[in-house]
Asks: 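Once you've had a glance at the structure underneath, I'll fire off some questions.
These values consider heavy atoms only, across backbone and side chains, with no hydrogens, waters or symmetry-generated copies.
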Amino acid sequence: MGSKMKRALQVAAIGGIMAGAMVLPATAAQATPSNCSSVPYGNGWSGWCGKGTGTYQVWARCYKINTLKYTIRHGPWRSPGGDRSNVSCQSTEEVGGGGIILS
């Protein structure tokens with residue numbers, strides 16, 4: 001009878017662990033920043049997220065003037081509701097688009 005009780009407890013413990021693991025993806029999805037927008041900003045890009053948790057970062061595609069060669073530049077990581085994330089292209093480049101990366 002002792003081994004049956006031990007086995008029942010093991011099965012219950014494993015079931016509890018599996019149920020907890022199923023809850024984790026929902027929590028991770030809630031961590032994504034939301035209410036985000038991004039716009040051209042001078043010779044670069046600017047973005048802001050107003051809600052959620054986690055972090056976000058703006059990026060810009062910076063083309064070397066008079067060529068099709070470009071570099072992707074990134075602004076600082078920020079928390080929603082705080083400062084904007086801004087990035088600028090170099091003086092020998094021009095901005096050709098941008099957006100926000102969510103984490």
Asks: Would you kindly say whether Arg78 and Ser85 are connected by a side-chain donor-acceptor distance under 3.5 Å?
Replies: no
Asks: Could you work out the complete set of other residues in the hydrophobic cluster of Val39, with links drawn between I, L, V, M, F, W and Y side chains under 4.5 Å apart?
Replies: none
Asks: For Tyr41, which residues count as a ring-ring contact (aromatic ring centres under 6.0 Å, His included) partner, sequence neighbours excluded?
Replies: none
Asks: Roughly how far, to the nearest 0.5 Å, is the SG atom of Cys49 from the CZ atom of Arg84?
Replies: 10.0 Å
Asks: What's the spacing between Asn66 CG and Thr92 OG1 if we round to 0.5 Å?
Replies: 11.0 Å
Asks: I need the Thr71 OG1 to Gln90 CD distance, nearest 0.5 Å.
Replies: 7.5 Å
Asks: Quick one: side-chain contact (heavy atoms from CB on, under 4.5 Å) partners of Ser91, sequence neighbours excluded?
Replies: none
Asks: Other hydrophobic cluster members with Tyr56, side-chain heavy atoms of Ile/Leu/Val/Met/Phe/Trp/Tyr under 4.5 Å, chained?
Replies: Trp48, Ile100, Leu102
Asks: Which atom names give the shortest non-hydrogen contact between Gly54 and Pro80, and what distance separates them?
Replies: O-CD, 3.3 Å
Asks: Run through the side-chain heavy atoms of Ile, Leu, Val, Met, Phe, Trp and Tyr, join any pair under 4.5 Å, and report what else lands in Val87's cluster.
Replies: Trp45, Val58, Val95
Asks: Tell me, which pairs form a salt bridge (Lys or Arg N to Asp or Glu O under 4.0 Å) where one or both residues lie in residues 90-99, sequence neighbours left out?
Replies: Arg73-Glu93
Asks: Sort and list the pairs that fulfil salt bridge (Lys or Arg N to Asp or Glu O under 4.0 Å) and have at least one residue in residues 50-68, not counting sequence neighbours.
Replies: none
Asks: For Gly99 versus Ser38, what's the shortest heavy-atom pair and its separation?
Replies: CA-OG, 3.8 Å
Asks: Just grab all the ring-ring contact (aromatic ring centres under 6.0 Å, His included) pairs involving residues 68-101, residues at least two apart or on different chains.
Replies: Tyr63-Tyr70
Asks: By side chain to side chain donor-acceptor pair (under 3.5 Å), which residues pair with Ser88, not counting sequence neighbours?
Replies: none
Asks: Write out all pairs satisfying disulfide bond (SG atoms under 2.5 Å apart) with one or both partners inside residues 66-103, taking only residues at least two apart or from two chains.
Replies: Cys62-Cys89
